[in-house]
Amino acid sequence: MKALATVLLTLIVSNANASWTSVKCSNSDGSVNWESGTQVDEINLKYANFVEGTLTLPVEQVSIQFKKEITLREKTVRDCNTASTKRVYAGKVKIVGADKTPDVLRSQFPENKVETEVICTQISTTTLPCEE
């Protein structure tokens with residue numbers, strides 16, 4: 001019974017301070033885009049070698065390195081029990097294979113990397129207890 005009470009209390013406390021973040025990024029022509037933090041955690045990279053197609057991978061198989069990043073807009077809204085932030089930013093990125101999958105891009109990208117400029121939207125929400 002004591003263990004059950006501890007588990008229930010842990011669930012209530014962790015849900016009381018629940019938070020999540022969602023990020024969506026794309027370059028200007030849509031040939032590079034990714035989404036993470038939601039039900040979809042994948043990156044799409046269009047290629048045109050001998051054939052055209054799209055390489056779709058789980059985001060954790062690549063490393064996305066921002067070379068230069070600027071915030072275009074950021075806004076936070078708070079109420080009694082939530083704080084939500086929307087941030088729009090842009091920058092130059094270099095996409096390579098992650099440490100565990102270093103050659104994941106080589107089949108469609110001979111240089112084993114993709115470099116482009118992207119614009120991203122990040123939405124973060126945190127649930128907070130209301131003050132009495």
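These numbers come from a predicted model, not from an experiment. Both backbone and side-chain heavy atoms feed into the values below; hydrogens, waters and symmetry mates do not. One-based numbering along the sequence shown.
When side chains are defined from C-beta on, V118 does not count as touching I64, because their heavy atoms never get closer than 4.5 Å. Within the 4.5 Å cutoff, the side chain of V62 has no heavy atoms near those of the W34 side chain. In this structure the side chain of V93 never reaches within 4.5 angstrom of the side chain of V32, judged on heavy atoms. Counting only heavy atoms from C-beta outward, the side chains of Y89 and V23 approach each other to under 4.5 Å. No side-chain heavy atom of C120 sits under 4.5 Å from any side-chain heavy atom of Q122.
When every heavy atom of P102 is checked against every heavy atom of N112, the shortest pair comes out as O-ND2, 2.9 Å. In terms of heavy-atom proximity, A90 sits nearest to L72 at CB-CD1, 4.0 Å. The minimum heavy-atom distance linking L105 with G97 is given by the pair CD1-N, 4.2 Å. Of all non-hydrogen atoms in T121 and K86, the two that sit nearest each other are CG2-CE, 3.8 Å.
Linking ILVMFWY residues whenever their side-chain heavy atoms come closer than 4.5 Å, directly or via other members, places L55 and V51 in the same cluster.
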Kindly determine whether S36 and D41 satisfy side-chain hydrogen bond (donor to acceptor under 3.5 Å, both in side chains), including the steps that lead there. CA-CA 4 Å; S36 64; D41 274 330; 4.5 Å; no

Full working for side-chain contact (heavy atoms from CB on, under 4.5 Å) between N49 and F109: CA-CA 8 Å; N49 296 329; F109 301 94; over 6 Å; no

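In this structure, the separation between CG on N27 and NZ on K46 is 9.0 Å, given to the nearest 0.5 Å. One distance of note links OG1 of T85 with CZ of R78; it measures 6.5 Å at 0.5 Å rounding. In this structure, the separation between CG on L57 and CD1 on I95 is 10.0 Å, given to the nearest 0.5 Å. Taking CD of E117 as the start and CZ of F66 as the end, the distance is 11.0 Å to the nearest 0.5 Å. Taking CG of L45 as the reference point, atom OG1 of T56 lies at 8.0 Å (rounded to 0.5 Å). Note: T116 OG1 to D29 CG = 7.0 Å, rounded to the nearest 0.5 Å.
Counting only distance, with no hydrogens or angles, the side chain of N81 and the backbone of T127 share no donor-acceptor pair below 3.5 Å. A distance-only check finds a donor-acceptor pair linking the side chain of T101 to the backbone of Q61 [under 3.5 Å].
Within 6.0 Å of atom CG in D103, more than 12 heavy atoms from other residues, nucleotides or ligands are found, so the atom counts as buried in its surroundings.
For K113, the salt bridge (charged side-chain N to carboxylate O under 4.0 Å, His left out) partners two or more places apart in sequence, or in a different chain, are E115.
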